[in-house]
Enquirer: 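Structure incoming, see below.
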Amino acid sequence: MNRAYYSNSISNFIFDDSTLILGQLSLNHSNRSLEDLQKNAWVKQIEILKNELIGIDGSIYFEFQIPRMGKRVDNIIIVKDCVFVIEFKVGDTTYGKHAENQVIDYCLDLKNFHEGSHFTKLIPVLIATNAEESTFNINEVLEHYQVAKCNKLGIKNIIEKFIKNSVDKIDIKIWENSIYKPTPTIIEAAQALYKGHKVKEISRHDSEKINLDKTSNYINEVIESSKLHSKKSICFITGVPGAGKTLAGLSIANERMLADEDEHAVFLSGNGPLVEVLREALARDLVLISKENKAKVTKNEAKRRTNTFIQNIHHFRDMYLDKGLKPTEKVVVFDEAQRAWTKKQVSSFMKRKKGIEDFVMSEPEFLIDVMNRHEDWCTVVCLIGGGQEINTGEAGLEEWVNAFQNNFKDWEIHFSNSIVNSPNYIKTEIQKKWLQENGFSETDLHLAVSMRSFRSEQVSEFVHELLELNFDNTKKLYSEIKKSFPIFLTRDINIAKKWLRKESKGTERIGLIASSGARRLKALGIDVKNEISAPNWFLNSSDDIRSSYFLEDIATEFDIQGLEIDRTCLIWGANFHINKNQWKYQSFRGTKWMNINQEVSKEYLKNTYRVLLTRARQGMVIFIPKGSNIDHTRPIEFYDGTYKYFKEIGIEELS
């Protein structure tokens, strides 16, 4: 598999005519507007590398593809057992921090997702051609805490330092043909899809269980069939937390948008922070790309373009309150459809905010009614997370099924087989039976493997067992995941922050998260009521105090659901704690804690912690405060039971 614009042995590269190398690079380069600028950089790179690599035996690659990041590494040089990942800054006189983080990110990406690089020495190298000489610590570079830096005359010296004691040799053919199994964040995925990449290019498809491609194909077949036979259809996609439901939805909306503009495919979500973050990420990316292409696009113009692709479901709903208005959208993807509102919630909202007294439909029923206004065909795709309803008035899947049981009999229903085989989606056997008799069950509509915590596919299962207090299963699962997905415990927030900062490399994102109901964390200076700007928290760089990196602002379940970061510190609140070997459910009112007795409210709270426990991609630390002898709202027993439970599971405490 050829992932590079040009690849060869070092000896052949030195022997090859520079003009021919440049021609091959230009031929593979898709962006014509950058040609002169890029050509000049390549000419200089070729010249420098030909001089520096004389006498070195190995292989060289130009513009090596990193699919998950939608980028290419300037050069990869393989010598003995070392892979040198090189970022060139031609003409630069200083070593930029952004470039350092970028080349570390490339190394981490290869280490995590490229099978041939899992256990190899990956050396990040930054070459600022006109900079001063720079020193570095070899071990720090090998651990990716630091970058090997040099000017145009220091490359050979760096290579020789790292291969000095090398005995083994990388098998080039095996390395080149190794499987690349990326698991992008949803932000990276949205950016890559919007640029024109396909879901197969940017996501894992190495297992029969991981069927994003199959899911997309099945939905596309349903859409084409609906179009051909002028019928209306709905598809329910399910999946474990982090399995890629949102990625599948974005992919489907993007594919249909590219396939036929007249379909006006749109991705809708009621998750405000997710919509804000994805829109902002796409807009920033579009501005950056246009700048590189010398075709200036303003931020506002970029937002106008990207906002048509991703919309807030409530704005979509409100737009079609006029019953005479037909939607332009033929394909609509509803993200987190289980969070659509009940009839009671919508009715209350319409009365208070819109002055509509007689609104008598649930949100699912109304949204289907809107799409049903089409005279010919349409397809609705619902992405359903099991056990992820976290707020009062969220309807769950049952309300969608109710709509079809009572109305819209001519719609064709396609549903994931897990809906009828799992207790997480539909509670009543009557509804399950109705669905089986009136719809098409399909295994390809269930995404069974979590790709968020790519280091271990069992994290969501571990979290489920932990919350269900299945002690033996939880302990067993923890012992299986702890090496690949580290989970630690602490009673000291500063130790938690220190661990996050120490573990994270490059631009790996870290952050503090907590339940919105953990109100008495305020005594520790942690205010969950302080609203954050989700785009700033998720997208801004480590030197911005508003970003997650600063470990100051707290993201709650409402900010982070549907999104993820590399490592989290989950700050455990007194609102959900172990008491006499069972969970105690509480909400803080005025000056005291009140027991939560309603089963549905208990389920919301448990789901809150399910969401928080499944937001990390690479590891987490759980901070459980010590409680207080002088504060009646923070007694020690509100925290120690939970701490003891986690310790008995085997979770190691940081010191």
Enquirer: Determine the interplanar angle of the F334 and W400 rings, folded into 0 to 90°, and report it as parallel if under 30°, tilted if 30 to 60°, perpendicular if over 60°.
Expert: tilted
Enquirer: Would you check if I252 and S216 make a side-chain contact, meaning some heavy-atom pair closer than 4.5 Å?
Expert: yes
Enquirer: Looking only at atom types and distance, does a side-chain atom of S547 sit under 3.5 Å from a main-chain N or O of S541, one as donor and one as acceptor?
Expert: yes
Enquirer: Strictly by modelled atom types, are S460 and T614 linked by a side-chain donor-acceptor pair under 3.5 Å?
Expert: no
Enquirer: I'd like to know whether CZ of R589 has more than 12 heavy-atom contacts from other residues, nucleotides or ligands below 6.0 angstrom.
Expert: no
Enquirer: Quick check with a 6.0 Å cut-off and a 45 degree axis cone: is R509 positioned over the face of W537's six-membered ring?
Expert: no
Enquirer: Taking atom types as modelled, find out whether H446 and T238 have a side-chain donor-acceptor pair closer than 3.5 angstrom.
Expert: yes
Enquirer: Side chains of T215 and D444: do they bring a donor and an acceptor to under 3.5 Å?
Expert: no
Enquirer: Using modelled atom types only, decide if a donor and an acceptor are shared between the side chain of E188 and the backbone of T185 within a distance under 3.5 Å.
Expert: yes
Enquirer: How about E365 and N402: does a side-chain donor come under 3.5 Å of a side-chain acceptor?
Expert: no
Enquirer: Distance only, no hydrogens: is a donor on one side chain within 3.5 Å (strictly under) of an acceptor on the other, for E329 and Y320?
Expert: yes
Enquirer: So does R546 pair up with D553, basic N to acidic O under 4.0 Å?
Expert: no
Enquirer: Output yes when R610 and E557 qualify as a salt bridge under the 4.0 Å nitrogen-oxygen rule, no when they do not.
Expert: no
Enquirer: If only atom types and distance count, is the side chain of R615 paired as donor or acceptor with the main-chain N or O of L563 below 3.5 Å?
Expert: yes
Enquirer: Can we say R304 and E301 salt-bridge, meaning some charged N sits less than 4.0 Å from an Asp/Glu carboxylate O?
Expert: no
Enquirer: Under 3.5 Å, side chain of N254 to main-chain N/O of L250, donor-acceptor pair present?
Expert: no
Enquirer: Checking Q618 against E508: is there a side-chain donor and acceptor pair closer than 3.5 Å?
Expert: yes
Enquirer: Are V380 and I368 close enough that some pair of their side-chain heavy atoms sits under 4.5 Å apart?
Expert: no
Enquirer: Donor-acceptor check, side chain of E276 to backbone of A534, threshold 3.5 angstrom: yes or no?
Expert: no
Enquirer: Inspect the contact between E399 and K343 and indicate whether a charged nitrogen and a carboxylate oxygen are less than 4.0 angstrom apart.
Expert: no
Enquirer: Whether the N417 and E442 side chains hold a donor-acceptor pair (N or O, under 3.5 Å, no angle test) is what I'd like checked.
Expert: no
Enquirer: Examine distances only and state if a side-chain atom of Q431 and a backbone atom of E398 form a donor-acceptor pair shorter than 3.5 Å.
Expert: yes
Enquirer: Within the side chain of R284, is there an N or O that forms a donor-acceptor pair under 3.5 Å with the backbone of K299?
Expert: no
Enquirer: Looking just at side-chain N and O atoms, do D559 and T556 make a donor-acceptor pair shorter than 3.5 Å?
Expert: yes
Enquirer: Evaluate whether atom NZ of K409 has more than 12 neighbouring non-hydrogen atoms of other residues, nucleotides or ligands under 6.0 angstrom away.
Expert: yes
Enquirer: Return yes if some donor-acceptor pair links the side-chain N/O of D544 with the main-chain N/O of N540 below 3.5 Å, else return no.
Expert: no
Enquirer: Who passes side chain to side chain donor-acceptor pair (under 3.5 Å) against W411, sequence neighbours left out?
Expert: N372
Enquirer: So does I186 get a backbone contact from the side chain of E564, meaning a donor-acceptor N/O pair under 3.5 Å?
Expert: yes
Enquirer: For S515 and T608, does a side-chain donor sit closer than 3.5 Å to a side-chain acceptor?
Expert: no
Enquirer: Is the shortest distance from a Lys or Arg side-chain nitrogen in E603 or K606 to a carboxylate oxygen in the other one below 4.0 Å?
Expert: no
Enquirer: Salt-bridge test for R519 and D527: reply yes if a basic N is under 4.0 Å from a carboxylate O, no otherwise.
Expert: no
Enquirer: Ignoring hydrogens and geometry, is there a side-chain-to-backbone donor-acceptor pair from R279 to I310 under 3.5 Å?
Expert: yes
Enquirer: Charged N to carboxylate O below 4.0 Å: is that the case for E412 and K232?
Expert: no
Enquirer: If the condition is side-chain contact (heavy atoms from CB on, under 4.5 Å), which residues does S533 pass it with, not counting sequence neighbours?
Expert: P535, N536
Enquirer: Scan K326, K227, K330 and name whichever one has a salt bridge (Lys or Arg N to Asp or Glu O under 4.0 Å) with D376.
Expert: K330
